[in-house]
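Everything numeric here is computed off the predicted structure, so don't read it as measured data. We number each residue from 1, following the sequence as shown.
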Amino acid sequence: IIIRGAGSMHTRITVDGLSAAGGGGRGTTRCAGSVSLFPSEFLSRVELMIAPTPDTDAVEIGGRIDLQTCKISASKTPRTSLALRHSFAQAGETWGHRVNIAHAQPFQLKKDRKLGMLLAVNFSDSEFNTDLLGNTNQWRPKTNPGTKERIPILGKLRISNSFGNTSGFGLVFNTDLQLSKNHHYYFKTLWGERSSEYTSVYHSYEFQRGKVLDLTTHTGEFSRMSLEQMFSERESKSTSGSMVLGGSQRLGNWFLEESIGFSFATTDTPVYLSGSFRTGKLFDGSYDLRDDPRLPAVSLTRNGEPVTPEDLQDPSLYRFSRYYETDLYADDAE
């Protein structure tokens, strides 16, 4: 849910006026992660407020969304829904899947007494694999004295490969009991679990000294070039749940509604590693901007022999002059 450009961190999301856990971790128990679990039969109305007042909490900068659930007991017939979603990313040849199954069942107990139950389960699994290239440190462009053409010179080029996988499971249960037209009670519960893994490897080409061979075709050849490899690895798991017990009744001219709820969210990050290697030896390199100025073609040579970044990952062959590793364990519970 995004309101006026503000994401879940700055948008308050409630269910029947009560906050629900979202399992986002780091202080985000705002139901954002649970919204995808709701089947259409679970909701009857969505209310939106986008006019925060000066006394509004920072979590309501975007606005406030209230998801109001329906009364299953008021249904006349059972309902079952099945939602499937599949996605495919051609760049990394990765897939994403989501399945949501829901069933709502009304029961006629007596003349004015009705019972309704809804059960929904959700499964999701998605992965991504991307390759990115970025210029992290570009030298000032030079000017060709003859053509006055400004030539971009690369100082530091970074190529990265990232892979991630996210899977989750969720459960929604909603039951309501209507004793009469003036007395109605309900119980709702949400539960969800999500785990994710993320790895990334960066190769940074740093051209320390060199010369430009051709100023008109945007090609450059360099000597004494170093290469740096960085990696990052992260695993996390979040669990969240909410329970709400409430009721409404009419007493004369008064209509009373009471509810009590409990929400929890925990996020564990058992693995978070990052490191950096810089080769002690220097290489010769070149780049070519003619095919695509945004994606230069880079080549490396060592003693006249072509090498690839993968050839430089073996510490027994190349001395790494710098190395660091960060191991951070963090958890969050609310």
Side-chain angles (χ1 to χ4, degrees), residues 89-95 127-144 147 149-165 197-235 271-328:
Q90 183 178 5
E93 297 185 352
T94 56
W95 285 90
E127 60 182 6
F128 68 90
N129 188 2
T130 59
D131 293 315
L132 300 175
L133 186 146
N135 181 16
T136 61
N137 181 24
Q138 186 171 3
W139 294 343
R140 295 183 59 184
K142 293 185 177 181
T143 302
N144 188 327
T147 63
E149 180 185 12
R150 294 180 65 83
I151 306 299
I153 307 299
L154 295 182
K156 195 171 185 180
L157 191 67
R158 173 171 292 176
I159 298 178
S160 65
N161 174 261
S162 302
F163 177 79
N165 179 269
E197 298 179 359
Y198 174 82
T199 59
S200 183
V201 178
Y202 305 89
H203 291 105
S204 298
Y205 304 92
E206 184 174 350
F207 306 101
Q208 295 181 342
R209 294 187 297 180
K211 59 182 179 179
V212 179
L213 297 182
D214 193 332
L215 292 179
T216 59
T217 56
H218 294 184
T219 61
E221 183 174 340
F222 289 81
S223 61
R224 294 184 56 82
M225 188 191 73
S226 65
L227 184 132
E228 184 179 72
Q229 177 190 344
M230 299 178 62
F231 69 89
S232 177
E233 180 179 355
R234 182 176 67 249
E235 296 181 9
V271 176
Y272 185 88
L273 301 174
S274 63
S276 177
F277 301 88
R278 180 183 292 272
T279 56
K281 295 183 179 181
L282 300 178
F283 305 88
D284 298 329
S286 64
Y287 71 86
D288 192 339
L289 297 171
R290 288 174 295 184
D291 293 337
D292 190 346
R294 297 169 300 177
L295 296 175
V298 180
S299 62
L300 297 176
T301 60
R302 175 71 177 171
N303 298 326
E305 296 294 332
V307 295
T308 64
E310 289 74 15
D311 297 333
L312 311 179
Q313 297 180 16
D314 189 353
S316 63
L317 299 178
Y318 300 98
R319 179 180 302 172
F320 294 101
S321 59
R322 185 179 68 167
Y323 170 74
Y324 68 89
E325 178 177 322
T326 301
D327 188 357
L328 174 63

request  = For the residue pair N161 and N129, confirm or rule out a side-chain donor-acceptor distance under 3.5 Å.
outcome  =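 Per modelled atom types, N161 and N129 side chains form a pair under 3.5 Å.
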ask   = Is it the case that S200 and S232 place a side-chain donor and acceptor less than 3.5 Å from each other?
value =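 S200 vs S232: no donor-acceptor pair found between side chains.
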ask   = Nearest 0.5 Å, what's the CZ-OH distance between F163 and Y198?
value =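 F163 CZ to Y198 OH: 12.0 Å, rounded to 0.5 Å.
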ask   = How far does CD of E235 sit from OG1 of T199, to the nearest 0.5 angstrom?
value =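 Atom-to-atom, E235:CD and T199:OG1 are 9.5 Å apart.
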